[in-house]
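So the structure is just underneath, and the comments pick up after that.
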Number of protein chains: 2
Amino acid sequence: MAPIREMLAASPVNEQKWRVLRVLVESGPLEQKAIAAEACLLLPSLTRILQTMEADGLVSRESDLEDRRRSIVSVTAAGRAVIENHADQSNAILARLEDQFGKERLDDLLRLLDDLQHIDL
Amino acid sequence: MAPIREMLAASPVNEQKWRVLRVLVESGPLEQKAIAAEACLLLPSLTRILQTMEADGLVSRESDLEDRRRSIVSVTAAGRAVIENHADQSNAILARLEDQFGKERLDDLLRLLDDLQHIDL
DNA sequence: CATTAAAACTTAACATGTTAATTAAATGGT
DNA sequence: ACCATTTAATTAACATGTTAAGTTTTAATG
């Protein structure tokens, strides 16, 4: 993750906020519980992170009319721009990683980690 | 890691401090840089953690006479007791994990993670 | 239909994560 | 010996991690 943090050092977001933006760009507007699950964050952390991201104009929130406990979060144009501005660099880092570590080994690792998450107890 | 945190909930240490104690029990007295590397902690975090652990009587520190920049950290009897009191539970958790996830897959995962740590750039 | 339980955040309090700056001591080169 | 670098550890400032408690709204149960 060190290269990712280097890449983000000159941007307005850190690793966590970058993950939130990516989730929202990929999946569209989401409730916070879903964002937390996708971005591997706990709800209290996400609450704080979204507060600063909203203040920075990267996301917007509106309460769900179907269920007023929920709030639906959307990425703004500025937030989308952050992702798009780093897409090339991000892809280059992934390509370098696959090259040096091996795509198959990387896939194996990610699959093992995902399996481990859903087991235990 | 959830079962480990459950196990430690009733003890005087959290996950990080538990790792520090395990490293010291396994390797004997160490300088802080070595502890940080073994326990996957950054030095500023370790500095704070050791301050509270020393205040709690779990570790002791003395400055290295060969190189007075370094301080050598040792585990106390009380610190060793924390590890020994949880050794059975800890081993049971590992055995359960190997049973449910598969020892070979667990070994594969750990090896891949270790390799990944030493690559990149 | 009233009450209770559950769900989706939110807040609070404290610990750790992270980066940069600082201190003190050891090294290296001249 | 002198001075610039490097190293080990600390401090500071702010962000996130984590657990527990609180709020509001919805669902469940009697």
Side-chain angles (χ1 to χ4, degrees), chain A residues 1-24 29-56 58-74 117, chain B residues 1-24 29-56 58-74 117:
Chain A
M1 286 296 111
I4 295 289
R5 284 207 291 271
E6 275 180 46
M7 172 185 84
L8 296 176
S11 87
V13 302
N14 60 17
E15 210 176 315
Q16 290 83 353
K17 289 170 182 168
W18 183 65
R19 289 205 304 268
V20 169
L21 287 177
R22 286 194 55 151
V23 167
L24 290 174
L30 285 177
E31 56 179 317
Q32 294 180 208
K33 188 186 178 189
I35 298 173
E38 289 298 316
C40 294
L41 294 168
L42 296 177
L43 272 176
S45 293
L46 184 62
T47 295
R48 279 180 313 207
I49 288 171
L50 288 177
Q51 283 166 353
T52 76
M53 291 179 76
E54 191 174 17
D56 293 344
L58 301 175
V59 301
S60 64
R61 292 196 276 185
E62 58 182 36
S63 61
D64 185 346
L65 299 180
E66 311 281 321
D67 183 343
R68 293 188 333 211
R69 288 171 303 183
R70 305 171 196 248
S71 63
I72 305 299
V73 183
S74 308
Q117 280 242 307
Chain B
M1 286 296 111
I4 296 290
R5 283 207 292 272
E6 275 180 45
M7 172 184 83
L8 297 176
S11 87
V13 301
N14 60 17
E15 213 176 314
Q16 289 83 354
K17 290 171 182 167
W18 182 64
R19 289 205 304 269
V20 169
L21 287 178
R22 286 194 53 150
V23 167
L24 291 174
L30 286 178
E31 56 179 319
Q32 293 180 208
K33 188 187 178 188
I35 298 173
E38 289 297 316
C40 295
L41 294 168
L42 296 177
L43 271 175
S45 292
L46 184 62
T47 295
R48 280 179 313 206
I49 288 171
L50 288 177
Q51 284 166 353
T52 76
M53 290 179 76
E54 190 173 19
D56 292 345
L58 300 175
V59 301
S60 63
R61 292 197 274 184
E62 57 183 37
S63 62
D64 186 346
L65 299 180
E66 311 279 322
D67 183 343
R68 294 190 331 212
R69 290 171 303 183
R70 304 170 197 249
S71 64
I72 305 299
V73 182
S74 308
Q117 280 242 305

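Protein chains get the first letters and strands the later ones, always in sequence-line order, with residue 1 at the start of each.
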Problem set entry | Sidechain-backbone polar pair: A:D56 side chain, A:L58 backbone, donor-acceptor under 3.5 Å | no
Close N/O contacts between protein and nucleotides 14-21 of chain C (under 3.5 Å):
| from | atom 1 | to | atom 2 | distance (Å) |
| --- | --- | --- | --- | --- |
| C:dA15 | O3' | B:N14 | ND2 | 3.3 |
| C:dT16 | OP1 | B:N14 | ND2 | 2.9 |
| C:dT16 | O3' | B:Q16 | NE2 | 3.1 |
| C:dG17 | OP2 | B:S45 | OG | 3.1 |
| C:dG17 | N7 | B:R48 | NH2 | 2.7 |
| C:dG17 | O6 | B:R48 | NH1 | 3.0 |
| C:dT19 | OP1 | A:R5 | NE | 3.2 |

Exercise. Rounded to the nearest Å, what distance is computed from the CG atom of residue A:L30 to the P atom of nucleotide C:dC9?
Worked result: 11 Å
For this session: In whole angstrom, give the distance that lies between atom CZ of A:R70 and atom P of C:dA6.
Result: 17 Å
Exercise. Is there a donor on the side chain of A:R69 or the base of C:dA7 sitting less than 3.5 Å from an acceptor on the other?
Worked result: yes
Exercise. Nearest-Å distance, CG (A:D67) to C1' (C:dC9)?
Worked result: 11 Å
For this session: Taking side chain to side chain contact (heavy atoms under 4.5 Å, CB included) as the test, write out the residues that go with A:A39, two or more places apart.
Result: A:R19, A:V20, A:V23, A:L41
For this session: In whole angstrom, give the distance that lies between atom CD of B:E66 and atom P of D:dA8.
Result: 15 Å
Exercise. For B:Q51 and D:dT11, is the shortest distance between a side-chain N/O and OP1 or OP2 below 4.0 Å?
Worked result: yes
For this session: By nearest nucleotide on DNA chain D, pick out whichever of B:K33 and A:R68 is the more 5' one.
Result: B:K33
For this session: May I ask you to test the B:T52-B:R48 pair for a side-chain heavy-atom distance under 4.5 Å?
Result: no
For this session: Kindly indicate whether the side chain of B:M53, heavy atoms from C-beta on, has any atom under 4.5 Å from the side chain of B:V73.
Result: no
Problem set entry | Inter-residue atom distance B:S11.OG - B:R5.CZ, 0.5 Å rounding | 13.0 Å
For this session: May I have the distance from B:L8 (atom CG) to D:dT19 (atom P), rounded to whole angstrom?
Result: 11 Å
Problem set entry | A:T47 vs C:dC9: side-chain N/O to OP1/OP2 distance below 4.0 Å | no
Exercise. Do A:R70 and A:K33 come within less than 4.5 Å of each other through their side chains, counting heavy atoms only?
Worked result: no
